[in-house]
Amino acid sequence: QEVAIEEVKSEITGKVWKIESEIGARLEAEDTIMIIESMKMEIPVMAQVAGILKEINIKEGDDVSEGQVIAVLEV
């Protein structure tokens, strides 16, 4: 059986404020993976599709840039 992956990319440049999900978690579409702080606003990064969280490529406090792959879901 072929496994598909879905890359989760940051839509903004900012700093990782809080990671809400852990590797291995089964997520539904719209579940929050992490929260990025940018210009004093907290922006949630959500799963676009349902799947299992396989990778988180950053940690709390890291800077992220727009378009950076920050997590990977197995769908």
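Note that this is a predicted model, so its numbers are computed, not measured.
- Between Glu66 and Thr13, the closest side-chain pair of non-hydrogen atoms falls below 4.5 Å.
- Inter-residue side-chain proximity for Ile35 and Ile43 is flagged as unmet; no heavy-atom pair is nearer than 4.5 Å.
- Here the closest non-hydrogen pair linking Ser10 and Ser65 is CB-O, 3.7 Å.
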For residues 17-30, please give each side-chain donor-acceptor pair under 3.5 Å, one per line with the distance, not counting sequence neighbours.
| unit_1 | atom_1 | unit_2 | atom_2 | d |
| --- | --- | --- | --- | --- |
| Lys18 | NZ | Glu20 | OE2 | 3.4 |
| Ser21 | OG | Thr32 | O | 2.9 |

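- Met39 and Val45 fall into different hydrophobic clusters, defined by Ile, Leu, Val, Met, Phe, Trp and Tyr side-chain heavy atoms under 4.5 Å apart, directly or through other members.
- Counting heavy atoms from C-beta on, the side chains of Ile70 and Met34 come closer than 4.5 Å.
- Note on Met46: it does not cluster hydrophobically with Val49, by side-chain heavy-atom contacts below 4.5 Å among ILVMFWY residues.
- What you find for Ala71 and Asn57 is that their closest heavy atoms are N-ND2, 4.0 Å.
- A distance of 7.0 Å separates CD1 in Ile58 from CD1 in Ile36, rounded to the nearest 0.5 Å.
- Residue Glu6 holds its CD atom at 7.0 Å from CD of Gln48, rounded to the nearest 0.5 Å.
- Between the CD atom of Glu42 and the CD atom of Glu37 there is a distance of 7.0 Å, given to the nearest 0.5 Å.
- Looking at heavy atoms from C-beta onward, Val8 lies in side-chain contact with Leu73 at the 4.5 angstrom threshold.
- Counting non-hydrogen atoms of other residues, nucleotides and ligands closer than 6.0 Å to CD of Glu11 gives a total of 12 or fewer.
- The side-chain heavy atoms of Val16 and Val64, taken from C-beta on, include a pair separated by under 4.5 Å.
- Expressed to the nearest 0.5 Å, how far CD of Glu74 lies from CD1 of Ile52 amounts to 5.5 Å.
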